[in-house]
Asks: 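Sharing a structure here in structure tokens format.
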Number of protein chains: 2
Amino acid sequence: MVLNQGVVLDRVFRALAHPARRAILQRLSDSEQNLTELAAPLRMSFPAASKHVRVLERAKLVRRRVVGRSHLCRLDAAPLKDAASWIEAYRQQWEGNFQRLDAVLDELKAQRRGRARDDR
Amino acid sequence: MVLNQGVVLDRVFRALAHPARRAILQRLSDSEQNLTELAAPLRMSFPAASKHVRVLERAKLVRRRVVGRSHLCRLDAAPLKDAASWIEAYRQQWEGNFQRLDAVLDELKAQRRGRARDDR
DNA sequence: TTGATTTAGAACCATTTGGTTTAGCTTATC
DNA sequence: GATAAGCTAAACCAAATGGTTCTAAATCAA
């Protein structure tokens, strides 16, 4: 059982709530990169970028392996699964499937009316 | 094209990053409720709960309609679609489809080697 | 009209966030 | 050994978050 599932979701959603961190994740989906490479395009100081990576690490979205003086980061997308399933519960609502379901039910009712008429 | 798409994602992910706000969304997926009803189970003061609803409104996840002294809130799941599609880009990675793809490619290579041997 | 209900808003507070600069520690290179 | 590269840590700051309490306004009900 997952008692602190909520905390995980807190961390993941929080991590995703900053454009710099989403950018980092996107770049890591291509390849492993070290901090300098990650920080380079981020219009902020190196320590600031380093902190963002740390936030992603705490959310378990990034793993780090130290090779010499280089800290290589790689994506771990697993926690995104939890976030996705949470959101997924609302898919029907934004896709308007309820209306579509209504249409299907109307169709079924129409068919039953048709059969009833034929059976007469 | 959506220039401030990022800001929308910021707001949505930020809104989802607090358990109280996720709880509010879940309760609203059942039925429209006013602030008192929403605040009741939230182990915090009414103003605090009210602020959380306001955050959800700014993220366009909740709409409010005032009826007398009652502020009725209803879910608008549409912005969740953007969040879901952003996350969706990583589904392959957490589902390990790359490994599976690797296996498929290995299989193909093996077949080609087989054919090359037969052609000899 | 009086009084209770529902909500907003302001003031306040502690903590977190997101950024900076500076300093220092390893590790590689010359 | 000197110097550069890659990174952490600390100190600092402004602004945002998440909570509180108190006050006040609007609406409903007796």
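Every chain is numbered from 1, with letters handed out A, B, ... down the list of sequences. As the structure is a prediction and not an experimental result, all values here were calculated from the model.
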Asks: Figure out the NE2/C1' separation between B:His71 and D:dA26, and round it to whole Å.
Replies: 9 Å
Asks: With sequence neighbours excluded, what pairs up with B:Glu32 under the side chain to side chain contact (heavy atoms under 4.5 Å, CB included) test?
Replies: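 B:Arg65, B:Leu72, B:Arg74.
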Asks: Any idea which heavy atoms bring B:Leu16 and A:Phe13 closest together, and the distance?
Replies: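 So the minimum-distance heavy-atom pair works out to O-CD1, 3.4 Å.
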Asks: Ignoring backbone atoms, establish whether A:Arg54 has a side-chain N or O less than 4.0 Å from OP1 or OP2 of D:dA9.
Replies: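 True: A:Arg54 side-chain N/O within range (under 4.0 Å) of D:dA9 OP1/OP2.
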Asks: Could you state the atom-to-atom distance from CG of A:Asp10 to P of C:dT17 in whole Å?
Replies: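 In whole Å, C:dT17 P lies 11 Å from A:Asp10 CG.
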Asks: How long is the gap from CG on A:Leu56 to SG on A:Cys73, to the nearest 0.5 Å?
Replies: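 Output value for this atom pair is 9.0 Å.
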Asks: Check the orientation of A:His18 and A:His52. Use parallel for under 30°, tilted for 30 to 60°, and perpendicular for over 60°.
Replies: tilted
Asks: Tell me the interatomic distance from B:Glu37, atom CD, to C:dT7, atom P, rounded to whole angstroms.
Replies: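 Result: 8 Å.
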Asks: Let me know the distance between CZ of B:Phe13 and C1' of C:dT17, rounded to the nearest Å.
Replies: 19 Å
Asks: Any pair with a residue in residues 22-45 of chain B that passes ring-ring contact (aromatic ring centres under 6.0 Å, His included), sequence neighbours left out, goes on the list, sorted by first then second residue, please.
Replies: none
Asks: Among all residues two or more places apart in sequence or in another chain, which pass the side chain to side chain contact (heavy atoms under 4.5 Å, CB included) test with B:Arg27?
Replies: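 For B:Arg27, the residues satisfying side chain to side chain contact (heavy atoms under 4.5 Å, CB included) (neighbours in sequence not counted) are B:Gln33, B:Leu38, B:Pro41.
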Asks: Could you tell me whether a side-chain N or O of A:Tyr90 sits under 3.5 Å from a main-chain N or O of B:Gln26, the two making a donor and an acceptor?
Replies: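 Between the backbone of B:Gln26 and the side chain of A:Tyr90 there is a qualifying donor-acceptor contact (under 3.5 Å).
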Asks: Enumerate the protein-to-nucleotides 18-21 of chain C contacts in which both atoms are nitrogen or oxygen and the separation is below 3.5 Å.
Replies:
unit_1: C:dG18; atom_1: OP2; unit_2: A:Arg21; atom_2: NH1; d: 3.1
unit_1: C:dG19; atom_1: OP2; unit_2: A:His52; atom_2: NE2; d: 2.2
unit_1: C:dG19; atom_1: N7; unit_2: A:Lys51; atom_2: NZ; d: 3.1
unit_1: C:dG19; atom_1: O6; unit_2: A:Lys51; atom_2: NZ; d: 2.5
unit_1: C:dT20; atom_1: OP1; unit_2: A:Ser45; atom_2: N; d: 3.4
unit_1: C:dT20; atom_1: OP2; unit_2: A:Ser45; atom_2: N; d: 2.8
unit_1: C:dT20; atom_1: OP2; unit_2: A:Ser45; atom_2: OG; d: 2.6

Asks: According to the salt bridge (Lys or Arg N to Asp or Glu O under 4.0 Å) rule, which pairs have a member within residues 75-92 of chain B, sequence neighbours left out?
Replies: B:Arg63-B:Asp76, B:Glu88-B:Arg91, B:Arg91-B:Glu95
Asks: Polar pairs (N or O, both sides) under 3.5 Å between protein and nucleotides 25-30 of chain C?
Replies:
unit_1: C:dT27; atom_1: O2; unit_2: A:Arg69; atom_2: NH1; d: 3.2

